[in-house]
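Computed from a prediction, not measured in an experiment: that's the story for all the values here. Along the sequence shown, residues carry numbers from 1.
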Amino acid sequence: MASPIKVAMVAAECVPYAKTGGLGDVIGALPIQLEKIGVEVTILLPRHRTIDLGKFGFEPVDLGHETLAPFGSENLSYDIHTSRLPGTSIKVFLIGNDRFFDRDGIYVDPLTRKDYPDQADRWIFFDRAVMEFLRRAMPNVDVIHCHDHQTALIPAYLRRFYRRDGVFSNTRTVYTIHNLGYQGLFPREVMWRAGFDDAEFYPTSVFEFYGVFNFMKVGISYADVVSTVSPTYAREIQESKEYGYGLEGVLRDRSRDLMGILNGIDDEVWNPASDPIIPARFDFANLAGKLDNKKALLRAFGLDDSQTEWPLLAMISRIDVQKGFDLLVTVLDYLLSKDLHFVLLGTGNKETEAYLQTVVDRHRSKAAIRFAFENQLAHLTEAGADIFLMPSKYEPCGLNQMYSLRYGTVPVVRATGGLMDTVSEFDPASGEGTGFLFNDYDPEHFRSALDRALVLWPDRRLWTRLMQNGMKQDFSWKVSARRYKEVYQQLAGIHEIS
């Protein structure tokens with residue numbers, strides 16, 4: 001019997017240890033499904049201060065030798081703690097150095113709400129420490145799977161510095177782009193601290209990007225396979241600067257090795273039939289609990305729960321232009337002139353928050369906002385809302401539209417990225433479709449999609465059909481994990497790419 005493929009999954013965050021967004025959800029869920037289909041996964045993360053080592057059973061590891069990672073002209077020490085992902089046999093290793101990771105935030109200083117000024121150095125150190133650890137502890141790893149710009153130097157380190165003396169001779173890399181809008185752009189002088197020759201920094205080189213050092217460009221250029229988190233997004237980022245953010249040409253050059261694999265959701269955590277967080281459970285065959293959750297959601301936001309015949313519209317989102325908030329603020333007064341309720345759970349741009357609050361203040365009996373992120377309230381919002389809004393400017397994959405479909409909450413989304421891959425326009429004549437889409441990033445097109453949803457709302461028969469269409473969709477990690485396993489298997493048999 002052949003031994004299982006060994007994969008090192010490297011990222012900046014992972015549920016349940018440390019999370020700021022969807023990346024943490026992916027790293028906490030994908031390895032579990034991969035393990036079920038015979039892939040041996042090990043997860044490597046920074047030892048963030050926010051990780052409760054005792055709670056999760058982490059113990060220090062004595063590797064029997066000095067643990068040092070090259071950093072510029074220095075060699076800096078790192079420590080290792082290990083445990084297993086809860087409920088699994090998956091090993092998790094935390095790589096620590098208090099100079100870089102003993103902080104209150106993962107990426108952003110909570111006091112200034114800005115990136116840490118030594119952001120480049122933090123990830124250079126982490127990537128070098130990962131390679132040093134793997135060289136000693138897992139030299140026969142088949143695939144190193146790196147995620148986003150924080151780990152983008154690892155494919156280059158493997159090819160340039162670590163594939164020698166027979167070590168890592170058969171190891172390949174997968175680099176997954178979760179959001180091309182965050183590329184890791186840093187000054188040129190970062191090059192030498194990363195271990196590269198400054199002479200290699202010139203226009204069209206793999207390091208230079210309009211005068212700065214681009215971590216993501218390095219990852220794309222050196223990885224054996226580049227993936228992103230939906231088929232449509234994989235196409236969009238090669239077609240225009242709007243989506244490619246200046247890397248569209250680099251991505252087109254790697255088109256043979258670039259693929260889109262849709263993210264999944266944890267269908268055990270996000271399951272209305274068994275969700276312990278929501279007041280009333282329900283399923284495809286019995287939707288009665290949906291109304292109880294709607295009333296609870298209205299009360300949670302301080303709204304009148306007696307007008308349940310009104311549709312309840314909701315958003316859960318980082319408040320940012322990428323998420324379509326310029327469209328929302330344009331149409332919100334129009335929406336709230338109708339007989340409906342609107343709730344928003346999220347935090348982000350303070351100017352946008354302030355403007356949204358002024359709109360809500362004009363419609364206090366119909367709308368409310370919670371400027372925060374609360375997991376319990378997020379589950380209740382998905383379970384209790386009737387319509388979920390995602391008017392994103394771009395959306396590499398998106399998870400909330402999949403949660404919404406699972407909970408019978410109808411999504412109204414822009415036809416971009418993963419939204420286009422997971423939501424289909426409802427056709428009242430045929431009864432087919434799962435939501436409402438608009439193509440152009442324009443408030444009038446957004447308003448038109450909203451109007452289509454609101455016109456259908458009073459037809460309870462068709463609305464129920466629409467809800468159940470969405471609830472029948474399978475967005476579990478099963479399909480995605482099988483696709484990644486195929487990629488790993490193909491890589492295990494390929495020869496060195498020159």
Side-chain angles (χ1 to χ4, degrees), residues 1-48 50-61 63 78-96 106 126-127 129-131 133-148 150-151 154 171-176 178 227 229 261 263-270 399 476-489 491-492:
M1 182 177 176
S3 59
I5 294 175
K6 295 178 175 61
V7 175
M9 193 81 67
V10 190
E13 56 182 277
C14 172
V15 167
Y17 311 116
K19 174 189 171 178
T20 64
L23 173 62
D25 291 317
V26 171
I27 306 305
L30 176 58
I32 296 174
Q33 193 61 44
L34 287 168
E35 181 190 46
K36 291 178 180 177
I37 58 175
V39 179
E40 186 178 310
V41 183
T42 300
I43 300 172
L44 294 98
L45 308 166
R47 179 177 54 75
H48 299 292
T50 52
I51 299 176
D52 188 331
L53 301 182
K55 175 181 176 182
F56 294 111
F58 281 99
E59 298 288 344
V61 176
L63 295 177
Y78 63 91
D79 57 67
I80 300 291
H81 289 72
T82 188
S83 184
R84 294 186 186 270
L85 196 65
T88 77
S89 62
I90 297 168
K91 289 183 179 180
V92 180
F93 290 98
L94 304 182
I95 295 180
I106 295 177
F126 176 67
D127 290 2
V130 164
M131 293 307 301
F133 172 71
L134 291 176
R135 182 169 66 89
R136 296 176 182 273
M138 297 176 61
N140 297 318
V141 64
D142 294 302
V143 177
I144 305 174
H145 191 160
C146 308
H147 297 264
D148 268 352
Q150 294 85 4
T151 63
I154 288 174
T171 301
R172 300 294 183 261
T173 54
V174 175
Y175 178 61
T176 298
H178 293 263
S227 73
V229 291
I261 301 176
N263 279 343
I265 62 173
D266 189 328
D267 59 354
E268 294 180 6
V269 172
W270 294 93
L399 296 175
S476 71
W477 274 105
K478 296 182 182 69
V479 175
S480 307
R482 285 197 298 270
R483 185 70 186 98
Y484 273 117
K485 183 179 181 180
E486 290 171 1
V487 172
Y488 301 153
Q489 288 172 325
L491 282 174

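For Asp142 (side chain) and Lys6 (main-chain N/O), a donor-acceptor pair under 3.5 Å exists by modelled atom type. Glu13 places no side-chain N or O within 3.5 Å of a backbone atom of Lys19 that could act as its donor or acceptor partner. In this structure, Asp148 contributes its side chain and His178 its backbone to a donor-acceptor pair below 3.5 Å.
Taking 4.5 Å as the limit, every side-chain heavy atom of Ile95 sits out of range of all side-chain heavy atoms of Leu45. Side-chain contact check for Leu30 versus Met9: some heavy-atom pair is nearer than 4.5 Å. When side chains are defined from C-beta on, His147 does not count as touching Val10, because their heavy atoms never get closer than 4.5 Å. No side-chain heavy atom of Val61 sits under 4.5 Å from any side-chain heavy atom of His81. For the pair Val487 and Ile261, the minimum side-chain heavy-atom distance is below 4.5 Å. Between Ile5 and Glu40, every side-chain heavy-atom pair lies at or beyond the 4.5 Å cut-off.
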**Q.** Steps toward side-chain contact (heavy atoms from CB on, under 4.5 Å) verdict (Ile51, Leu94)
**A.** CA-CA 10 Å; Ile51 299 176; Leu94 304 182; 4.0 Å; yes
(Q) Let's go through Thr151 and Asp127 carefully: what are the C-alpha distance in whole Å and the side-chain angles of both, what is the deciding distance for side-chain contact (heavy atoms from CB on, under 4.5 Å) to 0.1 Å, and is it a yes or a no? (A) CA-CA 6 Å; Thr151 63; Asp127 290 2; 4.2 Å; yes
Q. Does the pair Tyr17 and Phe58 meet the rule for a ring pair (Phe, Tyr, Trp, His ring centres under 6.0 Å), with working shown?
A. CA-CA 11 Å; Tyr17 311 116; Phe58 281 99; 5.3 Å; yes
Q: Kindly determine whether Arg482 and Ile37 satisfy side-chain contact (heavy atoms from CB on, under 4.5 Å), including the steps that lead there.
A: CA-CA 8 Å; Arg482 285 197 298 270; Ile37 58 175; 4.3 Å; yes
Q: Let me see the working for Ser89 and Glu35 under side chain to side chain donor-acceptor pair (under 3.5 Å), right down to the final yes or no.
A: CA-CA 8 Å; Ser89 62; Glu35 181 190 46; 2.3 Å; yes
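Ala18 and Ile106 get closest at one heavy-atom pair: CB-CD1, 3.6 Å. The minimum heavy-atom distance linking Thr171 with Pro139 is given by the pair OG1-O, 4.2 Å. In this structure, Ser227 and Thr176 approach most closely via the heavy-atom pair OG-OG1, 2.7 Å. Between Val26 and Pro31, the closest heavy-atom pair is O-CD, 3.8 Å. Across all non-hydrogen atoms, the minimal contact from His48 to Ala12 is NE2-O, 2.8 Å. Among all heavy-atom pairs drawn from Asp267 and Ser476, the shortest one is OD2-CB, 3.3 Å.
Atom OG1 of Thr42 sits about 11.0 Å away from atom CD1 of Ile144, to the nearest 0.5 Å. In this structure, NZ in Lys91 is found 5.5 Å from CZ in Arg84, a value given to the nearest 0.5 Å. A distance of 12.0 Å separates CG in Leu491 from CD in Glu486, rounded to the nearest 0.5 Å. Annotation: the span from Trp270 atom CH2 to Ile265 atom CD1 amounts to 8.5 Å, rounded to 0.5 Å. Taken from CH2 in Trp477 to CG in Leu34, the straight-line distance is 8.5 Å, to the nearest 0.5 Å. For the atom pair OG1 of Thr82 and CG of Leu53, the computed distance is 11.5 Å after rounding to the nearest 0.5 Å.
Under the 30°/60° scheme for interplanar angles, the aromatic rings of Tyr488 and His145 are found to stand perpendicular.
Using a 4.0 Å cut-off between charged side-chain N and carboxylate O, Arg47 and Asp79 make a salt bridge.
A search for side chain to side chain contact (heavy atoms under 4.5 Å, CB included) contacts involving Pro16 returns Phe56, Leu85, Pro86, not counting sequence neighbours.
Considering Phe126, Phe93, Tyr78 as possible partners of Phe133, the one that fulfils the ring pair (Phe, Tyr, Trp, His ring centres under 6.0 Å) test is Phe93.
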